[in-house]
**Q** 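Take a look at this one; I'll ask things after.
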2 protein chains.
Amino acid sequence: MTAGTAATDTRSRLLDTALKLFSEHGVEGTSLQMIADELGITKAAVYYHFKTKDEITEAVAAPAVQELDQIIAEAHALRSRSAQIDHALSGFVALIVRQRSLLGLYNSDPGIQRVVNRAFQAPRGEDVKTRMKAVLAGENPSLADAIAVHVVFTGLAMVGGSPEYAGIDDDTLREHLLEAGRRLLGRPRKRPGRGG
Amino acid sequence: MTAGTAATDTRSRLLDTALKLFSEHGVEGTSLQMIADELGITKAAVYYHFKTKDEITEAVAAPAVQELDQIIAEAHALRSRSAQIDHALSGFVALIVRQRSLLGLYNSDPGIQRVVNRAFQAPRGEDVKTRMKAVLAGENPSLADAIAVHVVFTGLAMVGGSPEYAGIDDDTLREHLLEAGRRLLGRPRKRPGRGG
DNA sequence: GTCTATAACTAGATAGAC
DNA sequence: GTCTATCTAGTTATAGAC
C-alpha cells in the first residue's frame, strides 16, 4: 500500500519516537509535546496521524501483542508439552530481543496495560500475558511453577529492555536470556558440551 | 516522636494511599487530587504534610531503600561468597514480601527511579540496585551471570508485587520466591527432603 | 501534510481563612 | 490540620489557514 511515502515515514518515525520516550518516562510521563519536539514537528501534526494519545499507545503495542498471539497459537499446535514450552520460550525471547524496550514496557507500565487490555479484548484472564504463562506452566500448575514462570516472563522482558544491554548484539543477548529462562524453568540445556 | 497523634496518622495513611495508587497508575499517572480524594481530604491538606509530589514519592520509597542498604552492608560483612549471596537473596525476598508492591514499583517506574536516584546520591552505578546486583553476581561477573542475576532481581521484585498473589500469605510467597531465586542463581536448595 | 491559534481541562502549587 | 479559592503552567484535543 504505497509504502515509503512521506506519510508512512512520519507515522512510523512517530511510533519509534513514542516507544523510546515511553520506555524512558512511562506512558503517563510522556506528553504529546515531548513526542512532537523529538520529531521536530508540532503537536497538531501529531494529531494528524493519530486521533488520541491512547491510539498512539495502542499502535505502539499492537505488533508485539499480535506476535505473541501467533507464538501461542503455534505452541498449542505442537504435540508434546516439552515442544510447546520450547517454542513459547524461544519465541518469547526472540521477540524480546527484536523489540528490546517494548516487552518490558508492556510488563510494567500501567498506561500501556490499560490501553492494551481495552484494545485487545481481555475479559477474564484471557489476555496475551496470562495465556503465555498458561502455555509455559501448563493447565493446573502448582503455585511454585506458576511463580517460577511468572518470574521468568517478567524478568526476561524487563532485562531485555534494560539500557545496560543496549550495546550487546541480538544473538548474544538472545542466547543468554534463553539460557536463564531454561534454567529457571528447570529445563535441560539445548546445547550441552562446552561450559559448566 | 509523639507517635499516634492525628498528624502522624494522616501522614502515614497518606503514604499508604500514595503507594497503592502509584502501583496501580504509576507515579506520573497519579495526581495529588487522586490521593486527596482517596483519603477524603482536599489537595491543600496534602500540601500541609508534603511540600511537593517528589517529597511524597521520596518518602514512599525511603524505607525500602534504607533496608536494602542495610542488607547489602550485612552481606559484605560476611566472609564467604556463598554466605553473602544467601544473605542478600533471602533479605531481598523478605523485603519484597513485606513491602509487596513497593519493590516492583522501584524496579519499573521511571517516576520513582528519578526521585530515588536524586534523593539518595547515585553518581555512577552506585545506586542500591546496582550494588545489590554486584553482591549477587560478584566482582567481575560473566555476561551470563550478570544477566541471570538481573532477571532474578527484576523478576522477583515484579512478581512479589503482582496482584495475582495478593491472597497468598507472606510465608508461602517468600518460600516460593526464594526457591525461584536459588534455582536461577544455580544454588542448592536450602531445605531438601519433601517435595519434588 | 503541516501549521497557528485556541478551547477545555487538569496538573502542581500557594495564600490565607477558620 | 483542614478548608476555599486561586494561580500558573501544563495537558489533550479541535478548528481552520496554508
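Quick note on labels: first sequence line is chain A, next is B, and so on, each numbered from 1. Note that the structure is predicted; figures quoted are calculated from it, not measured.
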**Q** Would you say the side-chain atoms of A:Glu74 and A:His87 include a donor-acceptor pair closer than 3.5 Å?
**A**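 Distance-only check passes for A:Glu74 and A:His87.
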
**Q** With side-chain hydrogen bond (donor to acceptor under 3.5 Å, both in side chains) as the rule and sequence neighbours excluded, what pairs involving residues 28-43 of chain A come up?
**A**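 Sorted result for residues 28-43 of chain A: A:Lys20-A:Glu38, A:Gln33-A:Asp37.
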
**Q** Could you tell me whether B:His176 and B:Tyr165 have their ring centroids closer than 6.0 angstrom?
**A**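 Aromatic pair excluded; centres sit 6.0 Å or further apart.
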
**Q** Any donor-acceptor pair under 3.5 Å linking the side-chain atoms of B:Arg100 with those of B:Ser23?
**A**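 No - no donor-acceptor pair under 3.5 Å links their side chains.
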
**Q** Taking five pairs at each end, how big is the angle between the two axes of the helix from C:dG1-D:dC18 to C:dC18-D:dG1, to 10°?
**A**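 The helix from C:dG1-D:dC18 to C:dC18-D:dG1 shows an end-to-end axis angle of 10°.
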
**Q** Using atom names, set out every protein N or O paired with an N or O of nucleotides 13-15 of chain C below 3.5 Å, distance rounded to 0.1 Å.
**A**
from   : atom 1 : to      : atom 2 : distance (Å)
C:dA13 : OP2    : B:Tyr47 : OH     : 3.1
C:dA13 : OP2    : B:Lys53 : N      : 2.9
C:dA13 : O5'    : B:Tyr47 : OH     : 3.3
C:dA13 : N6     : B:Lys43 : NZ     : 3.4

**Q** Would you mind reading off the distance between A:Gln33 atom CD and D:dA9 atom P, rounded to a whole angstrom?
**A**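 Checked: the CD to P distance equals 15 Å.
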
**Q** Should A:Leu105 and A:Leu19 be marked as a side-chain contact (heavy atoms from CB on, under 4.5 Å) after you check the CA-CA gap, both sets of side-chain angles, and the distance that decides it?
**A** CA-CA 9 Å; A:Leu105 202 63; A:Leu19 173 56; 4.2 Å; yes

**Q** What is the distance from CE of A:Met34 to C1' of D:dT12, rounded to the nearest Å?
**A**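 The answer, rounded to whole Å, is 15 Å.
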
**Q** Any side-chain N or O of B:Tyr48 below 4.0 angstrom from OP1/OP2 of D:dT2?
**A**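 No, outside the criterion.
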
**Q** May I have the step-by-step check of side-chain contact (heavy atoms from CB on, under 4.5 Å) for B:Leu14 and B:Arg11, ending in yes or no?
**A** CA-CA 5 Å; B:Leu14 199 159; B:Arg11 194 192 144 97; 5.6 Å; no

**Q** In whole angstrom, give the distance that lies between atom CG of B:Asp37 and atom P of D:dC3.
**A**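 Rounding to the nearest Å, CG of B:Asp37 and P of D:dC3 are 11 Å apart.
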
**Q** Using atom CD1 of A:Ile56 as one end and atom P of D:dT11 as the other, report the distance to the nearest whole Å.
**A**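 So the CD1-P distance, A:Ile56 to D:dT11, works out to 14 Å.
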
**Q** Does NZ or CZ of A:Lys129 come closer than 6.0 Å to the centre of the six-membered ring of A:Tyr106, within 45° of the ring's axis?
**A**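 Verdict for A:Tyr106: a cation-pi partner in A:Lys129.
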
**Q** Classify the angle between the aromatic ring planes of B:Phe92 and B:Phe153 as parallel (below 30°), tilted (30 to 60°) or perpendicular (above 60°).
**A**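 Ring orientation of B:Phe92 relative to B:Phe153: parallel.
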
**Q** Side chains of residues 60-69 of chain B: which donor-acceptor partners sit under 3.5 Å, not counting sequence neighbours?
**A**
from    : atom 1 : to       : atom 2 : distance (Å)
B:Glu67 : OE1    : B:Arg98  : NH1    : 2.9
B:Glu67 : OE1    : B:Arg98  : NH2    : 3.3
B:Glu67 : OE2    : B:Arg98  : NH1    : 2.8
B:Asp69 : OD1    : B:Arg131 : NH1    : 3.2
B:Asp69 : OD1    : B:Arg131 : NH2    : 2.6

**Q** Write down the distance between CZ (A:Phe50) and P (D:dA13), rounded to a whole number of angstrom.
**A**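 It works out to 13 Å between those atoms.
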
**Q** Would A:Arg174 and A:Asp171 pass as an ion pair if we require N to O under 4.0 Å?
**A**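 Looking at A:Arg174 and A:Asp171, the cut-off is met.
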
**Q** Taking only side-chain N and O atoms of A:Thr10, does any of them lie within less than 4.0 angstrom of OP1 or OP2 on C:dT2?
**A**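 So the side chain of A:Thr10 is within the cut-off, an N or O lying under 4.0 Å from OP1 or OP2 of C:dT2.
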
**Q** Name every residue in residues 19-31 of chain B that has at least one heavy atom under 4.0 Å from any atom of DNA chain C, in order of residue number, or write none if there are no such residues.
**A**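 Listed by number, they are B:Thr30, B:Ser31.
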
**Q** Restricting to pairs with a member in residues 54-63 of chain A, which pass side-chain hydrogen bond (donor to acceptor under 3.5 Å, both in side chains), not counting sequence neighbours?
**A**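 Output for this query lists A:Asp54-A:Arg114.
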
**Q** Could you state the atom-to-atom distance from CG of B:Leu14 to C1' of D:dT2 in whole Å?
**A**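 It is 13 Å, rounded to the nearest whole Å.
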
